[in-house]
There are 2 protein chains.
Amino acid sequence: MAATIKDIAQKTGLGLATISSYLNGGNLREKNREKIEQAIKELNFEVNETARGLKTNKTKTIGVVIPELNNVFCAEIIIEMEDILRQHGYATIICDCRTNKDIEKEAIDFLYRKRVDGIINMPVNVDGNHLKSFIKAKKPIILIDRKINGLDCDCVLVDNLTAVKDAIGILIKNGHSKIGIISGPEEIFTAQERLLGYRLALLEAGIVPEERFIAHGDYTIQGGMKCIEELIKKNPDMTAVFVSNYEMTMGTVIGINELGIKIPENISVIGFDNIEFARACKPKLAIVTQPTKKIGVNVAEIMLNRISGNPEDKKILKLQTGFLNGNSIQEVKLPSI
Amino acid sequence: MAATIKDIAQKTGLGLATISSYLNGGNLREKNREKIEQAIKELNFEVNETARGLKTNKTKTIGVVIPELNNVFCAEIIIEMEDILRQHGYATIICDCRTNKDIEKEAIDFLYRKRVDGIINMPVNVDGNHLKSFIKAKKPIILIDRKINGLDCDCVLVDNLTAVKDAIGILIKNGHSKIGIISGPEEIFTAQERLLGYRLALLEAGIVPEERFIAHGDYTIQGGMKCIEELIKKNPDMTAVFVSNYEMTMGTVIGINELGIKIPENISVIGFDNIEFARACKPKLAIVTQPTKKIGVNVAEIMLNRISGNPEDKKILKLQTGFLNGNSIQEVKLPSI
DNA sequence: CTGAAAGCGCTAACAT
DNA sequence: ATGTTAGCGCTTTCAG
């Protein structure tokens with residue numbers, strides 16, 4: 001068995017409270033401090049966080065529920081959060097719900113039973129019912145990337161609307177007007193925002209959005225492949241396409257390659273996320289980049305802040321995206337009259 | 001405050017032990033069972049795993065320490081493990097040590113303090129000192145992908161030697177003899193195995209391996225780029241290259257693209273991991289694939305087994321890789337005499 | 001089958 | 001500054 005504070009109390013001849021005080025940064029006589037430190041070393045003592053947690057009603061553990069861990073966007077955010085949280089003594093329990101509402105609910109319940117101190121969620125379920133237990137327990141909830149209407153909690157979002165609007169704007173400036181979009185699932189918050197950005201950009205340029213140019217994918221590679229094939233088949237006049245997440249961007253590139261079509265000669269492409277993939281593409285892909293690191297840092301800091309009891313009003317942070325140019329956009333020559 | 005078994009004991013008029021017995025699947029009178037179930041529902045009772053953990057000296061939590069979470073190989077294994085472990089009531093605390101030995105040690109110590117029931121590690125440190133605490137505590141350790149000499153624990157590995165030997169064999173069969181390899185860091189177990197596979201394949205074909213064809217990368221995209229540039233500059237006669245992990249494969253493709261060199265006309269390429277990336281490449285990349293899902297399943301099952309007290313001899317599992325063909329290999333025409 | 005009581009390792013009053 | 005004590009919520013003897 002591992003040593004306990006009792007053992008070190010015995011060894012040093014001090015009381016339990018003194019040891020506990022030492023462990024929690026209290027003041028004590030230099031001599032006793034030394035004694036304790038030596039005993040700790042000799043007995044190889046390590047605080048039992050489980051016991052501490054039972055007493056303090058805090059587990060120093062944060063639950064994270066995301067749709068897909070092998071989604072690079074998710075993974076990069078998590079890395080950043082986990083690092084910061086661990087440095088503050090917090091463990092992160094990550095649950096991948098495979099974009100499945102039922103699994104998501106189960107995961108949240110699971111984490112509730114584990115008594116995590118707070119929950120970070122990139123929600124699949126849009127009604128927020130799965131988070132009820134945490135709301136009732138008044139434990140902090142932070143939403144990433146997607147807002148849930150009517151749920152009062154901190155959110156760290158990305159300005160998807162502007163991101164897509166600007167990207168479509170670039171295509172328009174290059175003379176494109178028959179522009180396709182591979183959007184996400186209709187009920188997903190970010191997908192709606194991105195689609196809205198697409199529509200706005202077109203309207204502002206005096207182009208009427210047509211439904212035939214809009215495909216709804218499921219944010220997977222396979223989905224991206226299917227969508228691009230459909231779009232191309234349905235719209236021989238389409239000259240450009242915007243893809244609204246990384247996995248579908250990869251799928252689009254695969255689909256285009258396998259159809260034997262050329263970027264940008266036959267079709268211009270703007271993708272999403274993952275700078276490395278964009279550079280590995282031939283030709284180099286123009287993409288919208290998301291501030292994953294920033295998101296992770298912000299989420300972690302807000303969580304730490306909430307846990308330490310800050311009651312201020314819930315924040316909704318909206319971070320800006322970037323744009324990485326490539327060689328996947330070709331200017332459309334307008335027919336000279 | 002959340003309800004405790006005391007509350008439900010009071011509400012039902014039963015003793016604590018009866019409730020506990022119910023919670024742990026014991027036998028009790030049908031009538032009491034119903035009473036308890038109703039009380040649980042009414043009070044919204046959920047077992048406090050922290051308290052249970054303090055008593056049972058088990059946290060139902062597994063620690064996972066890996067070099068890089070945004071390494072697709074790691075992420076895919078983790079997804080699988082986490083899923084299985086959670087289904088069995090185990091939480092997974094994941095720590096990304098950024099391929100840094102010091103952070104790795106810290107992470108393991110952190111998890112030890114958290115009293116995780118077992119540890120899963122894709123080790124960065126090759127001497128195994130960081131795992132001492134778990135060895136002393138006799139808690140199960142499972143190593144993924146890399147063995148540590150002298151450490152008696154379960155390992156789930158991949159047959160890297162055969163994988164690379166076969167891949168190089170394919171290049172040789174296509175007439176290549178000036179074959180480069182972008183290997184991993186020299187001290188890493190898998191890198192050594194893969195390099196050995198390369199050497200063996202050449203030797204068996206009667207080709208003497210030359211140091212100038214061997215580059216040591218660091219398993220990152222940047223590293224891959226640097227290595228391919230060096231290799232090409234140093235060896236104008238090189239006709240093929242094998243890359244020994246996914247990130248460096250991506251880096252290699254980026255590097256080759258940016259040098260303006262053509263695959264496979266100027267250089268044949270065999271990469272590693274990630275089927276989707278291979279398909280997204282132009283031309284489609286031939287790659288060695290790793291059985292990530294199988295690894296994850298095996299690791300989770302072995303862990304569950306060990307935790308439940310199975311004392312049988314430690315296993316070393318060696319899983320086989322696959323090969324996905326592409327259009328990145330060109331036959332070398334031998335000069336006719 | 002069920003109840004009473006002890007105790008897991010720690011923290012937090014409260015005394016001293 | 002330090003010791004004493006109670007108790008966090010659960011499991012687990014031990015009686016009954």
Side-chain angles (χ1 to χ4, degrees), chain A residues 1-37 39-40 43-61 89 91 112-117 137 139 308-309, chain B residues 1-37 39-40 43-61 89 91 112-117 133 137 139 309:
Chain A
M1 261 328 288
T4 72
I5 57 167
K6 253 186 195 164
D7 297 324
I8 98 146
Q10 205 156 26
K11 194 165 189 100
T12 58
L14 297 165
L16 290 181
T18 313
I19 320 294
S20 178
S21 168
Y22 168 83
L23 256 23
N24 293 288
N27 281 337
L28 32 81
R29 217 168 285 163
E30 192 49 37
K31 217 172 161 183
N32 287 335
R33 175 182 301 279
E34 278 167 21
K35 264 202 213 163
I36 294 178
E37 269 161 12
I40 287 182
L43 296 173
N44 233 299
F45 169 83
E46 298 259 15
V47 175
N48 183 330
E49 300 268 7
T50 308
R52 183 181 269 178
L54 177 60
K55 185 67 194 177
T56 58
N57 202 20
K58 291 197 166 35
T59 53
K60 289 261 192 178
T61 300
Y112 181 72
R113 250 174 284 133
K114 290 280 180 202
R115 297 294 193 272
V116 296
D117 296 334
K139 286 187 176 178
S308 66
Chain B
M1 262 329 287
T4 73
I5 57 168
K6 252 186 197 164
D7 297 323
I8 99 145
Q10 205 157 22
K11 192 164 190 102
T12 57
L14 297 166
L16 291 181
T18 314
I19 321 292
S20 178
S21 169
Y22 167 84
L23 256 22
N24 293 289
N27 282 336
L28 32 81
R29 217 166 286 165
E30 191 51 32
K31 218 174 163 182
N32 286 337
R33 175 182 300 279
E34 280 167 20
K35 264 202 213 163
I36 294 178
E37 270 162 12
I40 287 183
L43 296 173
N44 233 300
F45 170 82
E46 298 257 17
V47 176
N48 183 330
E49 300 268 8
T50 308
R52 184 181 268 179
L54 177 59
K55 186 66 195 179
T56 59
N57 203 18
K58 290 194 166 38
T59 53
K60 289 258 189 182
T61 301
Y112 180 73
R113 253 175 281 134
K114 289 278 177 204
R115 296 295 194 269
V116 296
D117 296 335
S133 49
K139 287 188 177 176

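We name chains A, B, ... by the order of the sequence lines, and we start the count at 1 in each one.
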Touch class at under 4.0 angstrom, heavy-atom based, for Tyr22(A) against every strand present:
nothing
Within the 4.5 Å heavy-atom criterion, are Asn48(B) and Arg115(A) side-chain neighbours or not?
yes
How many whole angstroms separate atom CD1 of Ile19(B) from atom P of dA4(C)?
12 Å
Of Arg115(B) and Ala17(B), the one whose nearest nucleotide on DNA chain C sits closer to the 5' end is Ala17(B)
Which nucleotide, dT11(C), dG9(C), dA4(C), lies nearest any side-chain atom of Thr56(A)?
dT11(C)
Side-chain-base donor-acceptor pair under 3.5 Å for Lys55(A) and dG7(D):
yes
Look at all strands and tell whether Leu54(B) reaches a base, only sugar-phosphate, or nothing, counting heavy atoms closer than 4.0 Å.
base
Would you mind classifying the nucleic acid contact of Ser20(B) as base, sugar-phosphate or nothing, using non-hydrogen atoms under 4.0 angstrom?
base
Hey, does Leu14(A) reach any base, or is it just sugar-phosphate, or nothing, if we go heavy atoms under 4.0 Å?
sugar-phosphate
What is the distance, rounded to the nearest whole Å, between atom CZ of Arg113(B) and atom C1' of dG9(C)?
16 Å
Considering only heavy atoms from C-beta outward, does the side chain of Asn24(A) approach that of Arg52(A) to under 4.5 Å?
yes
Measuring to OP1 and OP2 of dG9(D), would you say a side-chain N or O of Arg52(B) lies under 4.0 angstrom away?
no
d(CG, Asn57(B); P, dG7(C)) in whole Å:
17 Å
Under 4.0 Å: is that the gap between some side-chain N or O of Lys6(B) and OP1 or OP2 of dC8(D)?
yes
Is Asn48(B) close enough to dC8(D) that one of its side-chain N or O atoms is under 4.0 Å from OP1 or OP2 there?
no
Determine, step by step, whether Tyr22(A) and Asn32(A) satisfy the side chain to side chain contact (heavy atoms under 4.5 Å, CB included) criterion, reporting the C-alpha distance in whole Å, the side-chain angles of both residues, the deciding distance to 0.1 Å, and the verdict.
CA-CA 9 Å; Tyr22(A) 168 83; Asn32(A) 287 335; over 6 Å; no
Would you mind reporting whether Ile40(A) and Glu46(A) have side-chain heavy atoms less than 4.5 Å apart?
no
Nearest whole angstrom, please: distance from the P of dC1(C) to the NZ of Lys35(B).
16 Å
For residues Glu34(B) and Arg29(B), determine if any side-chain heavy atom of one lies less than 4.5 Å from a side-chain heavy atom of the other.
no
On a heavy-atom basis, which atom in Leu16(B) and which in Ala9(B) lie closest, and how many Å separate them?
CD2-CB, 3.9 Å
Could you state the CG-C1' distance from Leu43(B) to dG9(D), rounded to the nearest angstrom?
15 Å
When the rotation axes relating C1' atoms of four end pairs to the next four are compared across the helix from dC1(C)-dG16(D) to dT16(C)-dA1(D), five pairs an end, they differ to 10° by 30°
List the steps, then state whether side chain to side chain contact (heavy atoms under 4.5 Å, CB included) holds for Leu28(B) with Ile19(B).
CA-CA 9 Å; Leu28(B) 32 81; Ile19(B) 321 292; over 6 Å; no
With respect to the phosphate group of dT11(D), does any side-chain polar atom (N or O) of Asn24(B) fall under 4.0 Å of OP1 or OP2?
yes
Measure from CD on Gln10(B) to C1' on dA4(C) and round the result to the nearest Å.
16 Å
Taking the nucleotide of DNA chain D with the closest heavy atom to each, which residue, Ile5(B) or Leu16(A), is nearer the 5' end?
Leu16(A)
Between atom CD1 in Ile8(A) and atom P in dG9(C), what is the gap in whole Å?
14 Å
From CG of Leu23(A) over to C1' of dA12(C), roughly how many Å is that when rounded to an integer?
14 Å
Across the strands shown, which category fits Leu28(A) at heavy-atom distances under 4.0 angstrom: base, sugar-phosphate, nothing?
sugar-phosphate
So do the side chains of Lys114(A) and Thr61(B) get within less than 4.5 Å of each other, counting heavy atoms only?
yes
